[in-house]
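Order of the sequence lines sets the chain letters (A, B, ...), proteins ahead of strands, with each chain counted from 1.
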Protein chains: 2
Amino acid sequence: MKPAPDLILQQLEPHAVRIATRKRQKIALTGEPDETLYLVRKGLFLARASMPHARHQIMSILYPGDCVRSAAMPPLDGSEITAATESGEVWRVRWSAAKTAMETDPNLARYVSDRVANQTARLALHNAIIAGLTGEERVAALITELVLRIGKQTPAGFVFDMPLSRTDIAEHLALNADTVSRIVSRMRAKGLIAVAGRNRLVCRSIEMLESECPLATTLERMHGTAVRQPLPAI
Amino acid sequence: MKPAPDLILQQLEPHAVRIATRKRQKIALTGEPDETLYLVRKGLFLARASMPHARHQIMSILYPGDCVRSAAMPPLDGSEITAATESGEVWRVRWSAAKTAMETDPNLARYVSDRVANQTARLALHNAIIAGLTGEERVAALITELVLRIGKQTPAGFVFDMPLSRTDIAEHLALNADTVSRIVSRMRAKGLIAVAGRNRLVCRSIEMLESECPLATTLERMHGTAVRQPLPAI
DNA sequence: CATCCAAATTGATCCAGGTCAACACTCTCG
DNA sequence: CGAGAGTGTTGACCTGGATCAATTTGGATG
């Protein structure tokens, strides 16, 4: 029987700087001489990097339980983590402290390395989505992921607050913000999704949504279990 | 003073199945019930996955020293590793054995987890390349990477044997094989590269090549050190 | 309430790259 | 030697999504 993730992470608490965040708050990753470990404890975050020519990209969406080593981010300028939900919490741990703790407790070492592996798999999947799907399929994939992760089942269907703006979606899916807006409108017209107030989305039928996206079964396997147990099996 | 990577990996040898490969040989990753660790010891390999509709994708290029946990690959059908050079060697280690060894020697645990982190960073960079660059810039980025990794300096410039076919390049860069052929022809016409026999490329000036690719400095940082020291600092 | 500003929508136009098809090159095998 | 298969090249054409521009929406603020 493995210890619960929370218990494992407890050991890092004395070494961690807790950062309570509000929506859109940024945590810069560049300019740090030493490696750092970030633990997402609460809320959703976007790992963002700048490209030359003032272009930005959202490399991945981070969920509670994720941990990010700065070594797992490529040396791009302006790397940062942005809070995507109203309130969130991140722990920042100096790598030297994390390393010591990991050498003391193999469970912690395993937790961190498994989490990094999981992040790698998600990146690879995201690669496949960007590289192989059409715009509409990409948006369907993103909404499917969010439904699986943060959707709440109600009589009207799965409801969630959209944590990404149109621009964020565009930066994440390698699309244009205008195009994203068009696609979302089209999906609304098709009845795949509906809006319920500012930034709140309703998905009546997840099956309909998944039928729009060729990689739905993989998404289900990568994000679906997260609905039932907050942190994927480790 | 850290032990040399070879020395660290030596511990895994008794638990490893050595696989000697010839070009195009495939190692299937799917269908394995347990997690597995693969260590690339010699040669170049391509991590490939199938998409629905019989589409394939090359998620990443693996170099000697890389290690791949199967948990770091998304659950896509037909995941496999393909040998891209004439002769190569891969070690396959059962995860349970690897885990025990890693718990015994923190150096090994660190090595593996650092390698996975490095692979994550490369995936994220590749994401940025696919998502943000034009076809021509993508090809320039790939050739820059290969020059940095396997290019040999000669009086005529940097020379290397192209390990990827046109189709491979297309599958890696999210382009069409026809388009790749066109782009390569254009680059040849511009003098960025030249062919020297079957599958052998010459790059007269790496500066010219890098000036074609907005992410050249990042590539240099991720792959450039590898030229000087076979395994990136860990 | 009116004003302001950022984000979203929508229309019109354009082009990089996809698609399809014809053809060339290399290698292997009989 | 020729036939066949696999891979690469090149041309003609088409389309998904980028770009540019105009307009709308929805908060925030005084």
Side-chain angles (χ1 to χ4, degrees), chain A residues 22-24 46 51 53-58 82 84 86 129-142 161-190 193-201 212 214, chain B residues 22-24 46 51 53-58 82 84 86 129-143 161-190 193-201 212-214:
Chain A
R22 278 175 304 176
K23 192 158 184 171
R24 276 162 210 287
L46 308 175
M51 309 261 299
H53 309 304
R55 280 248 172 142
H56 294 265
Q57 281 197 12
I58 291 174
T82 313
E86 284 310 329
I129 288 172
I130 299 292
L133 305 189
T134 66
E136 195 138 356
E137 289 166 342
R138 291 181 215 177
V139 175
L142 174 63
D161 287 317
M162 185 64 188
L164 290 85
S165 71
R166 292 284 176 274
T167 311
D168 290 336
I169 299 174
E171 286 177 5
H172 186 49
L173 299 181
L175 290 170
N176 186 293
D178 302 356
T179 305
V180 170
S181 180
R182 260 180 271 266
I183 290 173
V184 171
S185 298
R186 230 179 294 155
M187 290 174 77
R188 235 182 316 151
K190 277 199 227 171
I193 50 171
V195 292
R198 186 78 178 144
N199 278 342
R200 174 156 295 196
L201 286 189
E212 295 288 311
Chain B
R22 278 176 304 176
K23 193 158 186 171
R24 280 168 205 284
L46 308 175
M51 310 261 299
H53 309 305
R55 280 251 174 138
H56 295 265
Q57 280 197 11
I58 291 174
T82 313
E86 283 311 329
I129 288 171
I130 299 292
L133 304 189
T134 66
E136 193 139 354
E137 289 166 342
R138 290 180 217 177
V139 175
L142 174 62
I143 295 181
D161 286 317
M162 186 63 187
L164 290 84
S165 72
R166 293 283 177 274
T167 311
D168 290 337
I169 300 175
E171 286 177 6
H172 186 50
L173 299 181
L175 290 170
N176 186 294
D178 301 354
T179 306
V180 170
S181 179
R182 259 181 271 267
I183 290 173
V184 171
S185 299
R186 229 179 294 154
M187 289 174 77
R188 236 181 318 149
K190 278 201 226 171
I193 51 172
V195 292
R198 187 89 177 131
N199 278 341
R200 173 155 296 193
L201 285 190
E212 295 288 311
C213 171

Give each protein N/O atom lying under 3.5 Å from an N/O atom of nucleotides 24-28 of chain D, with the pair distance.
from    : atom 1 : to      : atom 2 : distance (Å)
dG27(D) : OP1    : R198(A) : NE     : 3.3

Which protein N or O atoms sit under 3.5 Å from an N or O of nucleotides 16-19 of chain D?
from    : atom 1 : to      : atom 2 : distance (Å)
dG17(D) : OP1    : G135(A) : N      : 2.6
dA18(D) : OP1    : N176(A) : N      : 3.2
dA18(D) : OP2    : N176(A) : N      : 3.0
dA18(D) : OP2    : T179(A) : OG1    : 2.5
dT19(D) : OP2    : N176(A) : ND2    : 3.4
dT19(D) : O4     : R182(A) : NH2    : 3.0

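Of all the heavy atoms in I183(B) and G135(B), the pair that sits closest is CD1-C, 3.5 Å. Across A170(B) and A177(B), no two heavy atoms sit closer than the pair CB-N, 3.5 Å. Looking at every heavy atom in both residues, D168(A) comes nearest to P163(A) through OD2-O, 4.3 Å. The minimum heavy-atom distance linking I58(B) with H172(B) is given by the pair O-ND1, 3.1 Å. Smallest separation of non-hydrogen atoms from M162(B) and I169(B): CE-CD1, 3.4 Å.
L164(A) CG to L46(A) CG: the interatomic distance, rounded to the nearest 0.5 Å, is 5.0 Å.
For the helix from dC1(C)-dG30(D) to dG30(C)-dC1(D), the terminal axes (five pairs an end, C1' atoms, rotation from four pairs onto the next four) enclose an angle of 30°, given to 10 degrees.
Put simply, chain A comes within 4.0 Å of DNA chain C, heavy atom to any atom, from dA8(C) to dA12(C), going 5' to 3'.
L133(A) is listed as a side-chain neighbour of M51(B), based on a closest heavy-atom distance under 4.5 Å. Taking 4.5 Å as the limit, some side-chain heavy atom of R166(A) sits within range of a side-chain heavy atom of V184(A). Residues R138(A) and T134(A) have side chains not in contact (no heavy-atom distance under 4.5 Å, counting atoms from C-beta outward).
None of E137(B), K190(B), M187(B) except one satisfies the side-chain contact (heavy atoms from CB on, under 4.5 Å) rule with E212(B); the exception is K190(B).
Pairs engaging residues 174-189 of chain B under the salt bridge (charged side-chain N to carboxylate O under 4.0 Å, His left out) rule: E136(B)-R186(B) [sequence neighbours left out].
The salt bridge (charged side-chain N to carboxylate O under 4.0 Å, His left out) check on R200(A) picks up D161(A), with sequence neighbours excluded.
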